[in-house]
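Reviewing the structure listed below.
Throughout, protein chains are lettered first and strands after them, A, B, ... in sequence-line order, and every chain is numbered starting at 1.
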Amino acid sequence: MLDQKLIRENPTYVEENLSLRGKVFQISEIHNLTLEKKEIDIKISDLQSESKKISKLIGQEMCNPKNINSLEINDLKYKGNQFKIKITELEEKKRLLDKQLLEEISRLPNFPSKETPFGKDENNNIQIKTWGEPLKEDNLKTHWEIGEYLDLFDSLKSTKISKSRFITLKGNGARLERALINFMLDEHTKNGYLELMPPALINSESLRGSGQLPKFSNESFKCANDDLWLSPTAEVPITAFHKNEIIDPQVLPIKYVAYSPCFRREAGSYGKDTKGLIRLHQFNKVELYWFCDPNKSLEAHKVLTEDAESILKKLNLPYRQVDICTGDLGFSASRTFDLEVWLPSSKTYREISSCSNCLDFQARRSAIRTKIDKKTSYIHTLNGSGLAIGRTMAAILENGQQSDGSVKIPDVLVPYFGSNFIKK
RNA sequence: GGAGAGGUGGCUGAGUGGUCGAAAGCGAACGACUCGAAAUCGUUUAAUAGGAAACUGUUCGUGGGUUCGAAUCCCACCCUCUCCGCCA
């Protein structure tokens, strides 16, 4: 969430920064609401101050039992009542204003950082670097063909269980998924991350806190009878884990790694990636998350991204790093580096991790602060996949495919998976 | 799901209508003593909004209500704990 004071005092600055995202943001209405709110706040505060003085006076007079029903006291009570009527009236107005203002401001995205490349959409993203040698042979099999040949998963039967875009992993497929989760968790915990396994059902307040609500209610699954949603990413419960806290700066940065299933409605992506493991309503992910000193998040962003990259390198999967442009930037992010893994069957790089610095955007929504030199300030939050498991499996299957139809397992994974190859 | 108990500052815990934003203790910070430290003594120590500041407002689980005045009374909700039932 953006700072309300900033909106009130410098609406032009806010509009300019938001408009970097490629569409025009008009915040004059919100700006007016902030002014109106402030005016009412001052009025209420003054009236309350007067009213409190009267109450105290009555209290003092009442100490003397003689006074209890005196004219003077009754007069004061009447005066107090008049204040109360005015205050109640104004508070009613204020309540409506607050609600409206919070709703409107919650729908404004974060400012892109100054370093974020300017651009309209994903075509303007900038490739920062590539790593590894992409396989560019023709006639390579897709991972779903490989999966079918080696009997690793079944999407058709899964529609009987749920519907399309769900998958059931089988045999070596399930085993490989499990191996990847364990491998990634081990690597990150060795590297100083604390492992969390958060709830998969989360409340609306938590979704609001990390930016998924109120604007993107369409993108998550909601439980019908409870104020609970299926978590779209561990980023949400981890942010909420420290909601309403003031964190001792000495313990910063707090670095978490969490395995979690992720659930997304994928509304609006009909027809895209209908086969295989790329786009599912449910997938597994190992997430990296930092709660960070607000002065150190730029460096932290680099380190977090490198930590995610290290997994791709160890798995020997060719990838590239992309600097996401202002028009393609996620709602809560100020800057994002995507890691995209090479999928040789389609000769493209596909997103496998999105490493974002949200600055204080989520921390303000979730009231997560620290106290530096007696001054409380919002901490910075950063998140990134380390990595998405299903897409990693797709990449391993496609990049490790052999001419005899088997798949070579990356060396680091062998102790977890238990064999060098998946064969028929 | 049923019955009961309870939610107060960083923590423990007092407070059942009137200068209560809240006793006391612990913890923490600073100072004194000391060569230094421990112990001791003294002072300080919640968040948040507005303000340059003085100061003013709000906050005792959350939201309403009663009252001139609510941590305290009333209503609703949320959460925690104990017992019973069910259950991996």
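Side-chain proximity of A:Lys52 to the nucleotides B:rU56, B:rU19, B:rU58 is greatest for B:rU58. When distances run from any side-chain atom of A:Ser49 to the nucleotides B:rG50, B:rU56, B:rG18, the shortest one goes to B:rU56. Among the nucleotides B:rG64, B:rC68, B:rU56, the one closest to any side-chain atom of A:Arg95 is B:rG64. Taking every side-chain heavy atom of A:Glu9 into account, B:rG51 is the closest of B:rG57, B:rG18, B:rG51. Closest to the side chain of A:Met62, from the set B:rG51, B:rG18, B:rU66, is B:rG18. Minimum atom distance to the side chain of A:Thr376 is reached by B:rU48, of the listed B:rU56, B:rC68, B:rU48. When each of B:rU19, B:rU48, B:rG18 is scored by its nearest atom to the side-chain atoms of A:Lys56, the top-ranked nucleotide is B:rU19.
A:Tyr256 and A:His242 form a side-chain donor-acceptor contact under 3.5 Å, judged by distance and modelled atom types alone. Side chains of A:Gln362 and A:Glu235: a donor-acceptor N/O pair is present below 3.5 angstrom, by distance only.
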Q: Give the intermediate values and the outcome of side chain to side chain contact (heavy atoms under 4.5 Å, CB included) for residues A:Asn17 and A:Phe25.
A: CA-CA 9 Å; A:Asn17 273 281; A:Phe25 281 84; over 6 Å; no
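Residue contacts shown for A:Lys5 are limited to sugar-phosphate atoms, with no base heavy atom under 4.0 Å away. Across all strands, A:Asp41 comes closer than 4.0 Å to no nucleic acid atom at all (heavy-atom distances).
Ring geometry, A:Phe153 versus A:His143: the interplanar angle falls from 30° to 60°, so the pair is classed tilted.
In RNA chain B, the stems built from three or more successive Watson-Crick or G-U pairs (distances below 3.5 Å) are B:1-7 with B:78-84, B:10-12 with B:24-26, B:27-32 with B:40-45, B:46-50 with B:55-59, B:61-65 with B:73-77.
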